[in-house]
Amino acid sequence: MFCYQCQEAARNSGCTKVGICGKPADVANLQDLLIFVTKGISLYQQELNQLGQGVPEADHFMVGSLFATITNANFDKQVFVNRIQEGLALRETLSNKLAAVSPATSVPNRDAAVWTAHSLDAFETKASTVGVLATENEDVRSLRELITYGLKGLAAYVHHAQNLSQENQEITAFMHRALTQLTNDSLSADDLVALTLETGKFGVDGMSLLDQANTSAYGHPEITSVNIGVGTRPGILISGHDLKDMEELLEQTAGTGIDVYTHSEMLPANYYPAFKKYEHFIGNYGGSWWHQDKEFDAFNGPVLLTSNCLVPPKDSYKDRVYTTNTAGFEGVVHIADRPEGGQKDFTVLMEHAKKCQPPTELETGTIVGGFAHQQVLALADKVVDAVKTGAIKQFFVMAGCDARMKSRSYYTDFAEALPQDTVILTAGCAKFRYNKLPLGDIGGIPRVLDAGQCNDSYSLAVIALKLKEVFGLDDINDLPISYNIAWYEQKAVIVLLALLYLGVKNIHLGPTLPAFLSPNVAKVLVDNFGIAGIQSVEEDIQLFLS
Ligand code: FS2
Ligand code: SF4
């Protein structure tokens with residue numbers, strides 16, 4: 001195996017024996033093979049799309065496969081074996097369709113378009129030859145992987161939108177085209193840089209699509225005080241990012257005597273008007289994803305993972321973990337997809353919960369969030385006044401991810417060290433490093449404004465663009481906004497590419513720069529976009545405020 005797609009890649013170089021995340025080598029290799037097979041599907045779908053004959057199943061397969069290989073989503077070997085088999089069969093269907101509708105059209109001559117096998121042994125042999133290191137040139141490899149990880153992050157957002165019946169053909173057509181380009185050895189580094197930025201453009205579109213899907217189904221997030229204490233009844237804990245699952249779980253548990261709590265990236269579900277009507281929706285339990293080894297233990301009831309991040313479960317609570325969508329783990333019960341026009345069936349979790357103790361209290365009190373674009377724009381006059389009078393001197397976008405590394409205490413220290421006349425704009429699980437600190441407010445505007453999940457970084461971009469308009473600026477970089485972003489997995493990559501596409505410069509990325517950036521590719525990002533790493537809190541505060 002060789003994997004360097006996340007911030008915790010071993011020695012900031014790459015995991016080679018087993019993932020720091022717990023991903024075994026055989027699963028890592030099969031994930032590489034699945035990406036290879038998916039590229040084969042894209043080669044055919046790309047031609048079919050150009051003939052107006054694209055097959056929706058190929059879009060769903062491509063999106064689901066990219067998402068399943070994202071960090072901490074799926075550790076189940078059999079899932080990848082099944083998907084590879086399904087993928088090869090689907091490629092055959094697409095090939096037959098292309099031959100039928102346009103006998104003169106052929107796909108480019110690529111191994112991914114023709115390779116096939118039927119046994120696990122043959123899959124494993126092939127898998128060891130199609131991974132990241134199959135691209136020999138370090139810079140081409142770096143750009144190809146940067147694009148691939150951006151596409152994985154984008155796939156996650158598109159998948160959640162699909163679950164809410166929102167699709168955008170232009171986005172999936174681009175994703176097929178990009179995957180096709182990644183099999184083309186004649187593309188230059190410049191071509192790949194252009195494709196990287198184009199990926200960022202579709203990143204903006206993908207986040208916008210999901211924003212539209214979430215807000216049209218559940219209303220616009222609004223300022224909310226979220227309870228972080230516990231009730232007295234047994235509960236179900238729901239984590240990950242999928243709001244459709246959240247809705248169906250709340251619906252099915254209503255009136256059963258079972259409470260529902262969010263964990264980690266599901267916290268922002270508390271901000272949506274549609275979910276506030278459920279009296280058994282108690283609030284949020286615990287912190288960010290990597291605390292689950294202790295917090296799932298203490299929760300005492302069943303836990304539903306609707307996407308990443310899943311930590312390989314400890315035996316003490318493994319039987320209470322359930323996965324759905326693209327999340328998976330061997331030996332853990334997987335809740336099947338919803339039937340056409342129907343709902344998922346969460347009965348097994350409810351039956352399980354009834355036999356469990358209520359959650360053990362970890363903390364009490366509330367945290368405030370719900371500052372997505374509509375809510376912040378409703379406060380625009382107040383915010384603009386505060387900037388004009390100097391009450392707010394600077395905004396800090398600190399969106400992104402949290403993870404285990406000790407060095408991430410930087411983000412807590414940075415938030416604490418920021419002067420009182422600054423405001424943090426956040427989204428994603430990065431917020432758990434500072435969202436329980438008593439940072440106060442500025443004239444009633446909290447000093448930490450949480451827009452929501454990592455995909456709600458879109459809201460932060462909308463807010464920045466609106467402020468640019470209000471202040472009559474030509475350049476988004478003239479706003480008093482600094483970007484100090486924490487990254488971990490591939491959704492942060494698509495957020496970064498989206499910000500670059502929008503013209504945002506001088507983004508600081510930490511706690512380390514991605515291992516997949518070769519020195520030359522890193523230099524392109526530094527020279528053209530002012531991308532930088534982080535230093536000490538003191539040095540960075542001085543730099544940002546100078
Ligand atoms: Fe956090 Fe994990 Fe949101 Fe990531 S819970 S690092 O999936 O996408 O952010
Ligand atoms: Fe290593 Fe991260 Fe890949 Fe897991 S996802 S194997 S921790 S680089």
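Whatever order the structure lists ligands and atoms in, that order sets their numbers, starting from 1.
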**OP:** Flag Tyr488 as yes when one of its N or O atoms lies below 3.5 Å from any N or O atom of ligand 1, and as no otherwise.
**Re:**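 There is no such contact.
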Original post:
When only distance counts, is Asp402 in polar contact with ligand 1, meaning an N/O pair under 3.5 Å?
Top reply: no
Original post:
Do any of the N/O/S atoms of Cys401, backbone or side chain, fall under 2.8 Å from atom 1 (Fe) of ligand 1?
Top reply: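 Short answer: no, not a single N, O or S atom is under the cut-off.
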Taking all non-hydrogen atoms of both residues, which atom of [X] and which atom of [Y] are closest, and how far apart?
X	Y	answer
Glu8	Met405	OE2-N, 3.5 Å
Arg320	Asp297	NH2-O, 3.3 Å
Cys454	Tyr157	SG-OH, 3.2 Å
His60	Glu167	NE2-OE2, 2.9 Å

Could you tell me the residue and atom name of the protein heavy atom closest to [atom], and the distance to it rounded to 0.1 Å?
atom	value
atom 2 (Fe) of ligand 2	Cys6 SG, 2.3 Å
atom 4 (Fe) of ligand 1	Glu489 OE2, 2.2 Å
atom 2 (Fe) of ligand 1	Cys309 SG, 2.2 Å
atom 4 (Fe) of ligand 2	Cys21 SG, 2.3 Å
atom 5 (S) of ligand 2	Thr71 OG1, 3.2 Å
atom 6 (S) of ligand 2	Gly19 CA, 3.4 Å
atom 8 (S) of ligand 2	Cys3 O, 3.3 Å
atom 1 (Fe) of ligand 2	Cys15 SG, 2.2 Å
atom 7 (O) of ligand 1	Asn308 ND2, 3.0 Å
atom 1 (Fe) of ligand 1	Cys429 SG, 2.3 Å

Original post:
Is Arg141 reaching over with its side chain to a backbone N or O of Thr135, donor-acceptor style, under 3.5 angstrom?
Top reply: yes
Original post:
Which bit of Gln7 gets closer than 4.0 Å to ligand 2, counting heavy atoms only: side chain, backbone, both or neither?
Top reply: neither
Original post:
Parallel, tilted or perpendicular: which fits the ring planes of Phe174 and Phe202, with parallel below 30° and perpendicular above 60°?
Top reply: parallel
**OP:** Specify whether Phe275 and Tyr278 have parallel, tilted or perpendicular ring planes, treating 30° as the upper limit for parallel and 60° as the lower limit for perpendicular.
**Re:** tilted
**OP:** Show your reasoning for whether ring-ring contact (aromatic ring centres under 6.0 Å, His included) applies to Phe67 and His159.
**Re:** CA-CA 8 Å; Phe67 190 9; His159 179 93; 5.2 Å; yes
Which ligand 2 atoms, with their elements, are less than 4.0 angstrom from a heavy-atom of [X]?
X	answer
Met1	6 (S)
Lys23	6 (S)
Ala9	8 (S)

Subject >> ring-ring contact (aromatic ring centres under 6.0 Å, His included) assessment of Tyr271 paired with His220 >> reply: CA-CA 8 Å; Tyr271 313 152; His220 283 274; over 10 Å; no
Original post:
Between Asp402, Thr426, Asp450, which is the residue that forms a side-chain hydrogen bond (donor to acceptor under 3.5 Å, both in side chains) with Lys431?
Top reply: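 Checked Asp402, Thr426, Asp450 against Lys431; only one passes side-chain hydrogen bond (donor to acceptor under 3.5 Å, both in side chains): Asp450.
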Subject >> Glu265: its N/O/S atom lying closest to atom 3 (Fe) of ligand 1 (atom name) >> reply: OE2
Original post:
What do you reckon, are the aromatic ring centroids of Phe414 and Tyr434 less than 6.0 Å apart?
Top reply: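 No, the ring centres sit 6.0 Å or more apart.
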**OP:** Flag the pair Phe346 / Tyr322 as yes when their ring centroid distance falls below 6.0 Å, and as no otherwise.
**Re:** no
Original post:
With a 4.0 Å heavy-atom cut-off (strictly under), which part of His241 contacts ligand 1: side chain, backbone, both or neither?
Top reply: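 It is the side chain that touches ligand 1; the backbone stays farther off.
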